[in-house]
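See below for the structure under consideration.
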Amino acid sequence: LSPVCPHQTTASKLFDSILLTQPRQGGGGGKSVQQVVDELAADILSKLPSDFNLEKVMELYPVLYAESMNTVLRQELIRFNRLSSVVRTTLQNIQKAMKGLVVMSAELEDVFNSMIVGKVPAAWAAKSYPSLKPLGSYIIDLLARLKFLQEWINKGVPTVFWISGFYFTQSFLTGVLQNYARKYTIPIDHLEFEFEVLKEENDMATKPEDGAYVKGLFLEGAKWDRKKMVIGESLPKILYDAMPIIWLKPGEKKKFKDKQNYATPVYKTSARRGTLSTTGHSTNYVLTIQLPSDQAQQHWINRGVAALCQLDD
């Protein structure tokens, strides 16, 4: 793992630099840059759903003492509405600016230039969850997240949560702990998670009695050995391995038994770094999950093993 990832980063920066030197005018009989951007903006706008109706959601999922997930859902919808609104407004204004109907401001020019080279515009990134994906993959990812939330609204609380689909993952984790704390009247600061990796990959028939099933994590620097049900060595030339469903089981810390596990840090992106936000949480680090291992902790630390919520492509 260690020699490959820095080379990938270097190559990515090189290609970014090359893209910045590309001419902004189309040549020959092909489409002009303006036509390409206009078509791309129209394509994204056609796929972007309308904002979530928060009033209707509040009726369906009111604030309940016993179900913190209703509050988590509402907070997520507010954040995604804000992001969708910025994406929609900037794309509509880009189309107008190219027709001369509005002034091409510095922000719109940055959006225009970013769309040419396939990068996420700074105006979007400022309102977005952390992501290192290029523009095309970012839009696919955003639409998948919006679909996940829409299915939650339509069908009720999911049996298995797509942990990568949350804007603010920590609020979901706190919600799971809070449900357990209120059900059994235990102070929430006495609780933590235990983790059980299941054999199922995508779906479960029913919800767990306590805690939550989550999917969508990728192991970097190792693989999940589905026969032994422990962390194993990566296969040659395969950097990431999709994890099966993981059961987050809340419980009292003092009752946890020591097992041979590897404390696997979970990050939102492969950057593995973030800044402290106003909530006191990191913008990138999510939590540490204990994964069964038949090797010593140091073995996997030397390999830089971590779990990621999303990949860069």
Side-chain angles (χ1 to χ4, degrees), residues 51-58 60-86 125-131 141-142 144-153 155-184 186-195 207-208 210-217 245-251 253 264-269 271 273-289 307-310:
D51 285 355
F52 294 109
N53 186 336
L54 291 173
E55 288 183 10
K56 185 180 175 184
V57 172
M58 280 290 289
L60 290 170
Y61 300 96
V63 176
L64 294 174
Y65 181 80
E67 184 51 276
S68 298
M69 286 300 130
N70 291 1
T71 306
V72 172
L73 174 63
R74 193 177 79 255
Q75 290 173 347
E76 287 293 305
L77 297 182
I78 290 168
R79 293 185 183 100
F80 276 104
N81 271 358
R82 197 182 302 140
L83 172 58
S84 297
S85 177
V86 169
K127 299 289 183 187
S128 174
Y129 47 86
S131 178
D141 180 57
L142 173 60
R145 290 170 187 246
L146 297 175
K147 183 184 175 187
F148 164 65
L149 292 170
Q150 189 61 57
E151 286 183 352
W152 185 341
I153 295 167
K155 299 177 182 178
V157 179
T159 308
V160 181
F161 291 93
W162 181 36
I163 196 168
S164 316
F166 289 98
Y167 188 113
F168 187 53
T169 320
Q170 285 89 346
S171 72
F172 161 69
L173 299 173
T174 304
V176 176
L177 289 176
Q178 202 164 48
N179 277 351
Y180 186 88
R182 288 172 174 175
K183 182 178 178 181
Y184 297 101
I186 302 168
I188 193 168
D189 54 349
H190 290 184
L191 299 178
E192 273 191 8
F193 286 116
E194 285 187 295
F195 307 90
K207 297 173 191 170
D210 294 310
Y213 296 133
V214 298
K215 63 178 180 180
L217 292 180
I245 292 170
I246 301 174
W247 181 10
L248 306 182
K249 298 194 284 187
K253 286 179 277 188
T264 315
V266 179
Y267 298 96
K268 292 181 182 177
T269 71
R273 64 176 185 272
T275 54
L276 276 180
S277 62
T278 51
T279 59
H281 294 96
S282 166
T283 53
N284 200 1
Y285 171 78
V286 180
L287 83 163
T288 297
I289 58 175
L308 308 177
C309 290
Q310 57 174 308

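Not measured: the values here are computed from a predicted model. Scope of the values below: all heavy atoms of this structure, side chains included, with no hydrogens, waters or symmetry mates.
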Report the distance from atom [atom1] of [X] to atom [atom2] of [Y], rounding to the nearest 0.5 Å.
X: Gln150; Y: Leu77; atom1: CD; atom2: CG; value: 8.5 Å
X: Trp162; Y: Leu149; atom1: CH2; atom2: CG; value: 9.0 Å
X: Asp141; Y: Ser128; atom1: CG; atom2: OG; value: 8.5 Å
X: Phe148; Y: Phe161; atom1: CZ; atom2: CZ; value: 6.5 Å
X: Leu248; Y: Phe195; atom1: CG; atom2: CZ; value: 6.0 Å
X: Ile246; Y: Leu217; atom1: CD1; atom2: CG; value: 5.0 Å

Looking at [Y], is its backbone amide N or carbonyl O close enough to the side chain of [X] to form a donor-acceptor pair, meaning the two atoms are under 3.5 Å apart?
X: Trp247; Y: Glu194; answer: no
X: Glu67; Y: Asn179; answer: no
X: Gln75; Y: Phe172; answer: no
X: Tyr180; Y: Gly211; answer: no

Taking the ring of Phe166 and the ring of Tyr129, is the distance between their centroids below 6.0 Å?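 No, they do not, as the ring centres are separated by 6.0 Å or more.
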Would you say the ring centroid of Phe80 lies under 6.0 angstrom from that of Phe52?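 No, the ring centres sit 6.0 Å or more apart.
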Taking atom NZ of Lys147 as the centre, does the number of heavy atoms from other residues, nucleotides or ligands within less than 6.0 Å exceed 12?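 No.
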Report, as yes or no, whether the 6.0 Å neighbourhood of atom NZ on Lys127 holds more than 12 heavy atoms from other residues, nucleotides or ligands.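 No, not enclosed.
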Taking all non-hydrogen atoms of both residues, which atom of [X] and which atom of [Y] are closest, and how far apart?
X: Asn284; Y: Thr269; result: OD1-N, 2.9 Å
X: Val72; Y: Ser171; result: CG2-O, 3.5 Å
X: Val286; Y: Cys309; result: CG2-SG, 4.3 Å
X: Leu177; Y: Leu191; result: O-CD1, 3.6 Å
X: Gln310; Y: Lys268; result: CG-O, 2.9 Å
X: Val176; Y: Pro250; result: CG1-CG, 4.1 Å

Kindly determine whether Trp152 and Glu76 satisfy side chain to side chain contact (heavy atoms under 4.5 Å, CB included), including the steps that lead there. CA-CA 11 Å; Trp152 185 341; Glu76 287 293 305; 5.8 Å; no
Walk me through it: do Tyr213 and Lys207 pass the test side chain to side chain contact (heavy atoms under 4.5 Å, CB included)? CA-CA 7 Å; Tyr213 296 133; Lys207 297 173 191 170; 5.6 Å; no
Tell me, please, whether Tyr61 has Arg74 positioned over its six-membered ring: NZ or CZ under 6.0 Å from the ring centre and within 45 degrees of its axis?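 Geometry flag: not set, cation outside 6.0 Å or 45°.
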